[in-house]
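Inspection log for the structure reproduced underneath, given as structure tokens.
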Amino acid sequence: MIPAAFDYESPASVDEALAVIAGAGDREVKVLAGGQSLIPVLRLRMNAPDLVVDLGRIAELRGVRDDGDAIAIGAMTTHDDVTREPLIRQHALLLSLAAQTVADPQVRHRGTFGGSLAHADPAADMPAPALALGAEFVIAGPSGRRTVGASDFFTDLFTTAIGEGELLVEVRVPKHTGWGAHYEKFNHVAHTWSIVGVAAAVRVEGGTIAEAKVGLTNMGLVPIRATAVEQALVGQPATADAIRAAAQNADQGTNPMSDASADEDYRRHLAKVLTGRAVLAAVG
Amino acid sequence: MTAVDETTGAKEFGQSRRRKEDARLITGRTKWTDNIVLPGMAHLAMVRSPVASGTIASIDVADAKTSPGVLGVWTGADLDAEQGDLPCAWAVTPDMKHPRRPAVAAGRVKFAGEIVAVIAARSAAEARDAADKVIVDYDDLPVVLDMNEAIKEGTPLVHEELGTNVNATWIFDSGEAGTGGNVDEAIAAAHADPDSLVIERTFRQQRLVPAFMEPRSTVVDPTGEQLTVWSATQVPHIARFLLAVVLGISESKVRFIAPDVGGGFGGKIHLSPEEVATVLIARKLGKPVKYTETRSESIQSAHHGRDQIQKITLSAKKDGTVTGLKVDLLADMGAYLGLVTPGVPILGAFMYNAIYKIPAYQFKCVNVFTNKVLTDAYRGAGRPEATYAIERMMDTLANELGVDPLALREKNWIKHEEFPFTSVCGLTYDSGNYEAATSRAVELFDYEGLRREQAERRARKDPIQLGIGISTFTEMCGLAPSRVLGSLNYGAGGWEYSAIRMLPTGKVEVLTGASAHGQGHETAFSQIVADQLGVPFEDVEILHGDTQITHKGLDTYGSRSLVVGGIAIVKAAEKVIEKAKPIAAHLLEANVADIEFDSGKFSVAGTDKGVTIQEVALATFAAHNYPEGIEPSIDADATFDPENFSYPHGTHLCATEIDTETGKVTIRKYVCVDDIGTVVNPLIAEGQVHGGLAQGIAQALWEEARHDESGTLTTATFVDYTLPTAADMPFFTTDMTETASTSNPLGVKGVGEAGTIASTPAVINAVVDALRPWGIDDIQMPTTAQRVWKAIQGKEFDASVGAKDTRDGSHEAAPGNGAPLWSGNESGGAQ
């Protein structure tokens with residue numbers, strides 16, 4: 001399990017990192033965040049980049065700040081920090097709850113929020129909650145910064161709107177203060193990827209569901225917003241029967257794979273069951 | 001920690017001492033093989049075949065040879081003249097087909113993962129880089145994966161030269177052996193009798209990966225007079241012997257060392273291709289060489305376990321009395337034979353009858369070659385498969401008869417007062433008390449309460465259904481009486497060796513041929529020696545795992561270290577005391593016949609005159625004052641050959657919850673009461689039970705080595721091979737009953753494999769029990785959520801299942817004082 005040889009740079013700022021990447025020319029560059037996906041890929045020699053640019057020394061990429069109607073989470077904030085950070089727990093509880101389910105404590109202490117989003121593994125747990133909460137992705141490149149909306153960020157399997165020579169630097173998550181939230185993860189054993197996961201955030205007013213946001217993990221090549229469920233929930237009483245009925249729409253617009261861990265029909269079924277459970281737990 | 005057992009004087013036996021070896025093992029500050037660095041050491045990388053069956057059309061090593069740091073590249077053709085043939089020690093039948101097994105394949109590859117070339121370089125990274133530059137062209141040949149297909153006429157052959165895919169057919173028949181009746185007659189009689197029934201089921205034992213924590217690693221230093229091999233192995237003594245034989249070198253020229261070894265579970269009992277290749281390259285280079293496998297290489301190319309298809313036929317009277325048992329097995333050898341590959345199913349042959357009085361029995365096993373990595377011993381080796389099959393059948397029979405599965409077992413099991421009992425296989429079970437273990441387990445489990453809850457959940461068709469699974473197991477372990485092994489054509493004996501060195505300061509060095517790889521030998525053996533010699537625990541050092549320290553031994557597997565190795569230590573200690581007595585008598589100016597030894601002190605009977613064993617040790621070292629005509633030494637050694645196996649037993653009860661909306665199985669409660677005889681260290685014993693349970697439960701719920709149709713292992717990382725962790729385990733309720741073994745002076749039995757053997761059927765019986773309302777009678781392992789969910793789709797739920805009346809009151813057959821302990825509560829019977 002020894003990677004092929006590569007050059008290594010560990011810039012101290014985003015600007016320096018962008019310059020290093022720009023200066024790499026034709027050499028293949030991989031950006032190292034927490035390394036929980038990239039290092040295994042390198043060790044298995046499934047990829048052999050010429051240059052690895054380690055973001056680990058860039059202090060400005062870590063931490064969370066209040067940004068008015070949103071909270072801004074640095075791309076290199078670890079999963080463990082996402083589970084604990086008071087600002088996130090207060091305004092985007094769904095992210096904290098989802099981060100708690102990621103793999104095991106070692107992975108959560110090394111792996112990063114931004115790294116997971118940029119890697120865009122369809123079975124990863126952080127993309128669906130970010131999508132559900134309407135996160136905006138701040139991407140830095142040689143010509144400055146741009147912001148991409150959640151629905152445009154995840155473009156394909158392991159593919160995002162981050163272009164050549166660009167870095168994901170920050171994720172802005174609109175405040176969902178006072179919303180109920182739950183992430184329902186279903187997997188074989190504790191340390192493995194989700195077979196299906198459901199991220200739900202719900203705002204209840206006087207026993208009625210006023211707003212609902214539901215994201216699905218591993219129900220397609222990219223995380224998917226269960227809009228049919230969201231629409232069916234709004235205006236319904238926050239009761240088990242009503243929620244389960246709405247959850248029957250969970251596989252609409254999805255395109256789940258059949259693979260070694262589950263078949264398509266089972267994933268479709270799980271999406272409905274788990275959506276019901278996630279929303280029910282979110283309404284408390 | 002210093003309580004003294006007043007009846008035996010034992011201070012240490014029975015104490016839950018923490019393991020003295022753990023500090024260094026847990027921190028890693030120890031000599032794992034891969035930690036060893038020698039001056040000028042070279043590193044190896046292996047080039048492995050990605051195809052499961054094919055011929056090597058060409059190998060181009062030119063780029064690899066010129067890759068930076070490379071010291072040499074060797075193909076199978078380069079090594080074939082000197083690499084010999086990896087041995088199998090168990091020719092199960094005289095006509096067994098035994099293919100040649102090269103360390104490095106030359107010309108023909110037979111499983112995906114087989115080594116085809118070896119690279120040596122100055123660093124491991126450079127070796128790996130160069131390995132990627134070797135270009136091999138294969139001509140694919142047909143792949144044989146399925147055992148049922150493999151044995152059909154016209155199926156392509158794994159080994160063309162053998163003319164068949166059948167390795168051997170091995171049969172035990174109690175009628176022929178004179179140990180029981182003719183099973184075909186028993187089954188025919190049952191078919192003809194309206195008051196009897198015959199049930200037949202086929203079970204699949206999926207392939208498992210032993211998944212020891214430390215990948216295999218070998219360092220070879222060829223520069224001394226003795227070739228020194230450090231290796232992560234369970235069997236340094238056996239490996240030394242085999243290496244000498246394979247390479248045609250003198251055994252005395254080989255020193256084999258197993259330093260601290262991080263687990264094995266049977267997966268490290270071999271002389272491996274990698275070990276042989278490392279020795280060959282070290283000799284060629286004339287310098288030390290290291291090879292450490294990657295995790296994926298380990299999963300792909302270290303041997304697997306299980307992989308059997310079991311067709312079981314059981315006949316019984318309708319009162320529940322079992323009258324006959326017939327076992328037809330197909331056992332997958334994989335592509336080659338390892339140390340005991342063909343014998344693994346045969347270790348199970350003697351255990352299908354388990355704890356039951358079965359009057360007629362036949363076992364037939366067809367060993368089959370396929371294009372997969374070989375199988376060999378994995379924790380329990382043959383006995384988990386046997387226990388699974390019989391315990392699944394007992395539950396099935398109970399269900400067919402509508403009786404409580406515990407009551408059915410009791411009706412058939414050997415009663416406590418019937419020991420010693422000669423089984424239908426001819427084994428003599430020396431001791432056992434199935435009633436006591438079961439009674440305790442039932443009490444801890446709240447069997448009746450859970451049965452009541454199960455009935456309630458069924459009645460209201462609760463989305464969470466409850467199942468209760470039972471496994472009342474025994475096993476034969478403590479391998480093994482040498483004569484028995486001889487009668488089974490095994491290539492070695494089953495004794496163990498120990499020596500005790502009494503140092504001048506009164507400290508004690510104990511040599512043992514049992515080679516620990518996580519078991520806690522150093523602690524448990526120290527406790528035994530402390531009691532035997534009456535010395536402090538801290539004064540005992542256990543030395544093992546080095547053929548230069550312990551020149552002979554048969555190593556560690558089959559739950560043998562305590563019941564064979566531990567007894568060898570006791571025998572050596574007895575000799576030490578006997579040798580010390582005349583010297584003590586001399587020092588005390590007394591007659592030897594008057595010398596008594598107790599708690600470390602030699603004293604003259606009826607006086608207060610005495611001398612400690614430490615004082616005798618010092619006096620013996622000085623040798624100024626000792627009797628004429630004896631040697632000035634109280635060191636001693638002993639070789640112990642057991643006369644019988646060890647038969648631990650126990651009752652395991654498992655309650656599983658099935659989430660019927662997702663199919664997910666959750667263990668709600670797990671209770672086991674094991675009887676491993678007297679217990680040296682309860683903490684270590686409980687740890688063995690916990691680990692064993694985890695592995696057995698993992699087979700039931702999660703683990704499976706899978707191949708695609710081309711023979712590629714698709715579960716070659718821990719992403720795909722879903723090995724559970726502590727986070728997936730329930731809390732275990734464990735307890736012990738202590739029915740002392742009568743076959744050894746300590747009364748001990750083996751414990752290393754018990755949890756694994758017992759737990760798999762307990763879990764699956766519970767899963768099936770929960771699924772019975774859907775008419776489900778069996779389910780394949782592992783019972784993943786998807787598999788369970790798919791099993792119940794489209795099936796009607798019948799809440800009345802399991803609530804039927806007992807036909808003839810057979811549950812009342814449970815003994816003794818009338819009502820059985822579990823109140824004759826029918827399976828799932830509503831209260």
Side-chain angles (χ1 to χ4, degrees), chain A residues 1-6 36-37 40-46 48 100-108 121 123-124 184-198 240 244 247-248 256 258-278 280, chain B residues 43 45 67-69 121 123-133 215 292-298 463 659-665 694 697-698 701-704 706-708 713-729 782-790 793:
Chain A
M1 299 281 273
I2 302 170
F6 52 79
Q36 299 308 292
S37 297
V41 163
L42 299 183
R43 283 163 62 89
L44 289 166
R45 297 198 172 207
M46 293 160 69
Q100 279 174 23
T101 74
V102 172
D104 52 52
Q106 291 93 324
V107 170
R108 293 197 290 274
D121 188 317
E184 185 76 17
K185 176 167 180 164
F186 197 85
N187 56 3
H188 284 299
V189 291
H191 62 87
T192 51
W193 300 103
S194 285
I195 297 169
V196 175
V198 179
R244 286 203 194 98
Q248 290 307 305
S258 284
D259 59 21
S261 67
D263 294 336
E264 179 189 345
D265 62 338
Y266 181 61
R267 281 202 164 96
R268 286 184 181 278
H269 169 78
L270 276 183
K272 297 174 191 174
V273 173
L274 301 179
T275 296
R277 291 179 183 184
L280 202 55
Chain B
H43 297 262
S67 192
S123 71
E126 287 167 320
R128 188 69 256 160
D129 287 344
D132 287 352
K133 294 175 184 169
T292 301
E293 68 186 359
T294 68
R295 178 60 67 185
S296 291
E297 284 181 302
S298 187
D659 178 343
T660 60
E661 291 178 348
T662 64
K664 187 156 193 141
V665 178
I697 291 168
L701 299 183
W702 297 299
E703 293 184 26
E704 180 170 28
R706 293 188 299 268
H707 296 79
D708 67 14
L713 183 71
T714 58
T715 53
T717 72
F718 285 148
V719 172
D720 305 298
Y721 190 79
T722 44
L723 193 76
T725 61
D728 299 294
M729 288 296 145
T783 54
T784 59
Q786 173 172 277
R787 184 168 276 158
V788 172
W789 181 78
K790 291 204 167 181
Q793 294 314 296

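Because only heavy atoms are used, hydrogens play no part in the values below, and waters and symmetry mates are left out as well, while side chains stay in. We name chains A, B, ... by the order of the sequence lines, and we start the count at 1 in each one.
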Shortest non-hydrogen contact from [X] to [Y]?
| X | Y | answer |
| --- | --- | --- |
| A:His269 | B:Glu661 | NE2-O, 2.5 Å |
| B:Gln786 | A:Ala262 | OE1-CA, 3.2 Å |
| A:Tyr266 | B:Thr662 | OH-O, 2.5 Å |
| A:His188 | B:Trp702 | O-NE1, 3.3 Å |
| A:His191 | B:Thr725 | CD2-CG2, 3.6 Å |
| B:Lys790 | A:Asp265 | NZ-OD1, 3.2 Å |

[atom2] on [Y] to [atom1] on [X], rounded to 0.5 Å:
| X | Y | atom1 | atom2 | result |
| --- | --- | --- | --- | --- |
| B:Arg128 | A:Arg43 | CZ | CZ | 12.5 Å |
| B:Asp728 | A:Thr192 | CG | OG1 | 7.5 Å |
| B:Lys664 | A:Ile195 | NZ | CD1 | 7.0 Å |

Go through the atoms of [X] and report whether side chain, backbone, both or neither lie under 4.5 Å from a heavy atom of chain B.
| X | answer |
| --- | --- |
| A:Leu44 | side chain |
| A:Asp104 | neither |
| A:Arg267 | neither |

Under 4.5 Å from any heavy atom of chain A, what part of [X] do you find: side chain, backbone, both or neither?
| X | value |
| --- | --- |
| B:Asp132 | side chain |
| B:Asp659 | side chain |
| B:Arg787 | neither |

Check ion pair A:Arg45-B:Asp129 (N to O, under 4.0 angstrom) |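 Salt bridge between A:Arg45 and B:Asp129, a charged N being under 4.0 Å from a carboxylate O: yes.
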Could you check which of A:Ala260, A:Ala190, A:Ala5 has the highest count of heavy-atom pairs closer than 4.5 Å to chain B?
->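 The option with the most such pairs is A:Ala190.
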